[in-house]
Amino acid sequence: MQPDQLTVLFADNGFGVTAHIHGPDTLSDRAAKGPGRRYAHVTRPLAQRGLEIRVDFGADDYVVVARLNDGTCLRISPPPEYEFGSHEVPGFPQAWLVTRDHPDNPELFEVVYDSGPKGADASHGGDVPALLAAVDEHLDGLAVASRQQVQAVRAGAESALHRAGFVPVVRLHETHHRLPAAMVDPGERKATVTRAVDYLRAIGYGFTCPADLIDHRLPPTLPPSRSLVQVGEAIAGAGHTREVADALSELTAPGDGVLDQVVGVLHQSACWWEGLGGASDPHYAARLRYIADMADGYVREIRAMRGDLADRHTVHAGRTRPAAQATGGPDVRVLAALATSPTAVRTLTGHPAEAVLAAPAAARAAGPRR
């Protein structure tokens, strides 16, 4: 599956801006609803390989239809001659038939799997894992993308949203992304959505976004690439949660983030070590896998904490901006924001800049100049 087979749909539902990733797997979820839900255990594994799935009603029962990139279709159902028993669970017949055909070419027809009484795979009967293993082997022979490849494509879109500043929302039957809860400034929201669109466009993903959510005045941006030293420096000098969440995104981005890459390297090392041939090598391989699994759990925890931090979207109460420290006074932009007419009634906020504004003009003029 290629990135352009996924589409990221941005929307403003009145409560906030969301981004949903739509692809063949989401289409299969629709197919698995209603009467077709009885075959969800068949449709979902196929959709995980990036195939478009639908469930039709055939002569005797429902038929799962998976459309391949070459225009052919896989059809999965009980054999036509199969007689259902009264004790059977719907969706779990005692035999399966899988065929491949082309809607416009009657000559192209082949039986992929037949576990009926007279079929070549009769010994497997209604065994679903055996059915899926045979289908996977056939799809591998047709060079259909693996589940790992499809997941990597989806992770690329998730990474782009993550790096742009979105927060993942994981539910039982749905996963989407949204802007941080406390990000209420319209200009900042548009800038974040625009950055996400730029990132998606740069790596080849499709998207749909309302025009009023994009700031067309901003120059195009590319996904950042920073060393860990630079990430640490950015966090050390940060005065706002937005800056730290942005820096942590380099580590926690799904798929291509530093931490996910470390976990992947550990798993690859375990596979390599296992076949080295020494008596203790399986032990080392198992230990590496255990460490990788533990690290993966910590990665998920850090990713969740990054999301909570992004939702806070506020200044750090115990830090001052580096510019203020360098000049010995508040930032000019803070002074401008707090300045009002001399005749206006001011409600004090407690900000340190208010003491400067309350001082005589001559005293302020004698202060540090930029």
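Being a predicted model, the structure only gives us computed values, none of them experimental. Sequence positions, counted from 1, serve as the residue numbers for this chain.
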Requested in this report: Look at the aromatic rings of H176 and H20 and report parallel, tilted or perpendicular, splitting at 30° and 60°.
Outcome: parallel
Query raised in the report: Would you find more than 12 non-hydrogen atoms of other residues, nucleotides or ligands less than 6.0 Å from Q261 atom CD?
Result: yes
Query - Check: R189 side chain, L213 main-chain N or O, donor-acceptor pair, under 3.5 Å - result: no
**Report entry** side chain to side chain contact (heavy atoms under 4.5 Å, CB included) assessment of C271 paired with R289
**Finding:** CA-CA 9 Å; C271 292; R289 287 196 178 93; 3.7 Å; yes
Query raised in the report: Taking the side chain from D121 and the backbone from H124, do they hold a donor-acceptor pair closer than 3.5 Å?
Result: no
Query raised in the report: Would a hydrophobic clustering, with Ile, Leu, Val, Met, Phe, Trp and Tyr connected at side-chain separations under 4.5 Å, put L161 with L259?
Result: no
Report task. Output yes when a side-chain donor or acceptor of R306 lies under 3.5 Å from a complementary backbone atom of H162, and no otherwise. Result -> yes
Query - Distance in Å, L266 CG paired with M294 CE, rounded so as to fall on 0.5 Å steps - result: 13.0 Å
Report summary line: One should read off an interatomic distance between M183 CE and E188 CD, to the nearest 0.5 angstrom, of 4.5 Å
Requested in this report: Might you confirm whether atom CZ of R287 has over 12 heavy atoms from other residues, nucleotides or ligands at distances under 6.0 Å?
Outcome: no
**Report entry** Whether D56 side chain and V63 backbone form a donor-acceptor pair below 3.5 Å
**Finding:** no
Query raised in the report: Taking it one step at a time, do D215 and R195 satisfy salt bridge (charged side-chain N to carboxylate O under 4.0 Å, His left out)?
Result: CA-CA 9 Å; D215 190 342; R195 184 164 57 248; over 6 Å; no
Report task. Measure across G50 and V150 and return the closest heavy-atom pair with its distance rounded to 0.1 Å. Result -> N-CG2, 3.6 Å
Query - Short side-chain to backbone donor-acceptor contact, T72 and L68, under 3.5 Å - result: no
Query raised in the report: Linking I/L/V/M/F/W/Y whenever any side-chain heavy atoms sit under 4.5 Å apart, do F92 and Y113 land together?
Result: yes
Query raised in the report: CD1/I235 to CD/E233 distance, rounded to the nearest 0.5 angstrom?
Result: 11.0 Å
Contacts under 3.5 angstrom, residues 6-19 side chains, donor-acceptor by atom type, not counting sequence neighbours:
| residue | atom | partner | partner atom | Å |
| --- | --- | --- | --- | --- |
| D12 | OD1 | G14 | N | 3.1 |
| N13 | OD1 | F15 | N | 2.9 |
| N13 | OD1 | G16 | N | 3.0 |

Requested in this report: With side chain to side chain contact (heavy atoms under 4.5 Å, CB included) as the test, would you mind laying out the steps for L218 and D198 before giving the verdict?
Outcome: CA-CA 10 Å; L218 297 176; D198 287 343; 6.0 Å; no
Query raised in the report: Does R242 come within less than 4.0 Å of D246, counting only side-chain N to carboxylate O?
Result: no
Report task. Indicate yes or no for a side-chain donor-acceptor contact from R303 to the backbone of T252 under 3.5 Å, with no hydrogens or angles considered. Result -> yes
Requested in this report: Could you note down all residue pairs passing ring-ring contact (aromatic ring centres under 6.0 Å, His included) where residues 201-237 supplies at least one of them, sequence neighbours left out?
Outcome: none
Query raised in the report: In the single-linkage hydrophobic clustering (I, L, V, M, F, W, Y; side-chain heavy atoms under 4.5 Å), do L97 and I76 co-cluster?
Result: no
Query raised in the report: Rounded to the nearest 0.5 Å, what separation is found between the CG atom of D127 and the CD atom of Q94?
Result: 10.5 Å
For residues 277-285, which side-chain N or O atoms pair as donor and acceptor with protein atoms under 3.5 Å away, sequence neighbours left out?
| residue | atom | partner | partner atom | Å |
| --- | --- | --- | --- | --- |
| D281 | OD1 | W273 | NE1 | 3.1 |
| D281 | OD2 | G277 | N | 3.3 |
| D281 | OD2 | G278 | N | 2.5 |

Query raised in the report: Is it true that V193 and V167 fall in one hydrophobic cluster, defined by side-chain heavy atoms closer than 4.5 Å?
Result: no
Requested in this report: Would you mind checking if R49 and D136 are paired as a salt bridge, meaning a charged N to carboxylate O distance below 4.0 Å?
Outcome: yes
Query raised in the report: Checking S159 side chain against A253 main chain: does a donor-acceptor pair fall under 3.5 Å?
Result: no
